[in-house]
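Working notes for the structure below.
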Amino acid sequence: MSTSAGYQSPVVTVASALPKRRVDSSVLIVPVVSGGDGEEGSEARAAVVAGPHLDADAVAEIEAALQALGAKGGSEQLTRVVVPALPVTSVLAVGLGKSRDDWSAETIRRAAGAAARSLSGVEHVITTLSDLDLEATIEGLVLGAYRFSEFRSEKTAPKDAGVRKITVLAPDTKAATKDAAAHAEAVAAAVATARDFVNTPPSHLFPVEFAKRAKALGEAAGLQVEVLDEKALARDGYGGIVGVGKGSSRPPRLVRLAHLGGGRKGKKVALVGKGITFDTGGISIKPAANMHHMTSDMGGAAAVIATVLLAARRRLPIDVVAYVPMAENMPSATAQRPGDVLTQYGGITVEVLNTDAEGRLILADAIARACEDAPDYLIETSTLTGAQTVALGARTPGVMGSDDFRDRVAGISQAVGENGWAMPLPEELKDDLKSTVADLANVSGSRFAGMLVAGTYLREFVADGVEWAHIDVAAPAYNSGGPWGYTPKGGTGVPTRTMFAVLEDIAANG
Ligand code: BES
Ligand code: MN
Ligand code: ZN
């Protein structure tokens, strides 16, 4: 078992032509469509989407080999063939579906991901898919090649190390092309960082360890790092983090990671991510079935840490300050009880009617603290409610917050392929959070609109004038179904790409 080195992404190189000499242990990934030359029946045959890098002979040979196997070029259909004339061990055709002129970036990303995911025992991937969209190809390949084998012994460890090298063919190798490639590579590496955190089991990733790893990565990236321990949290009035953390033998933490790239005039953005390293529900304990999925209850924290690290790596000209509350929600003799009252950071009192609604308790403290820095924008993300999954399913994050910023975040999330969807925070839900003894209750008395009630709770802690968005990724952060596109089982890294694209948009447009 290795230490916490994490997943090592393959090295990406941009080239303007196929290699001259044969490359060992290599695959050439080429896009194909179901479309033909007009001959009868040919529309159901895989046709190579030929860019400038394959000559007519190569295309004819690949198509002949595909035809012999009956390949049809349907969406994400994979067909591996040997083409001796090409300088690679084999060719992997990946279907893009029906013939069209412009494919969305997400179509390319998923095709690249499905292709990379299918490869084992291959060291070097070369591809012409990049002629259609260079960045989407790199993101898809790197994300599809992701694997997490840190906790496998030799008995079940994968026999090969996975794809080590990716060569994307491009029209040129000018600085702008190389920077686009570096951008995509950095984004995909950040998603891998978030996935590694989510995939690390709660036995090994508990608040103190999580904070330690976030600190080490932050310092290596040149961030300012502060960690508040349980004593400092109690001293400074972080009643939500202390209350949730006190049922566990493993004390809570609050990590602050600052990338100060904005100078005096740049915009300031706060990020907040839920870092429950395991959620049993506490005294309001969860049923046993699928409780192990609660290893993903720090998915928001993982994405926030990965995003601020990426902001530093890409030198964004804005301030990005991340607040990451970390706690383990356990039942014990020292745990908080249903009916307890705690005081959130900033003074609002809360009656804890359900200890399983713990995310909002630690987030409220962190949001209130983040607002003291007077950010222009605040993005908070969390695996907050089962109701997210009931409303939107496993792949669609719910985005709530101030109307304009919420819509901007949801629009950008759609554009990057993470598919966040705007949801309202109806005024009347506030009444459901009334308590008979405190300022607020942490749950409503009804089963209606659970995702929106949680968002309504968080809204109480956002300072006036701060544009904010809350992204509920309860299911999207963790894939408990089969792998698809560039998404493996387990941690997905969602919504890292959404948040980073929002930061880039703010850096460019204010
Ligand atoms: N971490 C859970 C939400 C969750 C559920 C994430 C399923 C991923 C998959 C959260 O802390 C929780 O338990 N929420 C409760 C809130 C309820 C008590 C108001 C829920 O959704 O049931
Ligand atoms: Mn819970
Ligand atoms: Zn939780």
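Quick caveat: nothing in here was measured; it's all calculated off a predicted structure. Read the numbers this way: they start at 1 and go in the same order the structure lists the ligands and their atoms.
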Between the side chain of [X] and the main-chain N/O of [Y], is any donor-acceptor distance below 3.5 Å?
X	Y	answer
D340	R337	yes
D439	I348	no
Q224	H259	no

### Query
When you look for protein heavy atoms under 4.0 Å from ligand 1, which residues do they belong to?
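For ligand 1, the contacting residues are K274, D279, K286, M294, D297, N354, D356, E358, R360, T383, L384, T385, G386, V443, A474.
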### Task
Classify the angle between the aromatic ring planes of H470 and W468 as parallel (below 30°), tilted (30 to 60°) or perpendicular (above 60°).
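The arrangement is parallel - the two ring planes meet at less than 30°.
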### Task
Give me the ring orientation class for Y478 and H293: parallel if the planes are under 30° apart, tilted from 30 to 60°, perpendicular past 60°.
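Geometry flag for H293 against Y478: tilted rings.
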### Message
Taking side chain to side chain contact (heavy atoms under 4.5 Å, CB included) as the criterion, tell me which of T343, L342, L433 meets it with V350.
### Response
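Of T343, L342, L433, side chain to side chain contact (heavy atoms under 4.5 Å, CB included) with V350 is met by L342 alone.
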### Query
Do any of the N/O/S atoms of K274, backbone or side chain, fall under 2.8 Å from the Zn ion (ligand 3)?
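Checking K274: at least one N, O or S atom is under 2.8 Å.
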### Query
Between the Zn ion (ligand 3) and E358, is there an N, O or S atom separated by less than 2.8 Å?
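Under 2.8 Å: E358 contacts the Zn ion (ligand 3) through an N, O or S atom.
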#### Entry: Angle at the Zn ion (ligand 3) (to 10°), with one arm to OD2 of D297 and the other to OD2 of D279
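Once rounded, the angle between the two atoms at the Zn ion (ligand 3) is 90°.
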### Query
So how far is it from R369 CZ to L254 CG, rounded to the nearest 0.5 Å?
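These two atoms lie 8.0 Å from each other.
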#### Entry: NZ on K246 to OG1 on T334, rounded to 0.5 Å
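Here the interatomic distance stands at 8.0 Å.
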### Message
For the residue pair Y146 / D196, report whether a side-chain donor-acceptor contact shorter than 3.5 Å exists.
### Response
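A donor-acceptor contact under 3.5 Å links the two side chains.
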### Message
Could you tell me if R360 and Y457 have a donor-acceptor pair between their side chains, going purely by distance under 3.5 Å?
### Response
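No, R360 and Y457 have no side-chain donor paired with an acceptor closer than 3.5 Å.
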### Task
Inspect the surroundings of CG in D404 and state if more than 12 heavy atoms from other residues, nucleotides or ligands are less than 6.0 Å away.
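Not buried by this count: 12 neighbours or fewer within 6.0 Å.
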### Task
Report the protein N/O/S neighbours of the Mn ion (ligand 2) that fall below 2.8 Å; do not count waters.
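Correct list: D279 OD2, D356 O, D356 OD1, E358 OE1.
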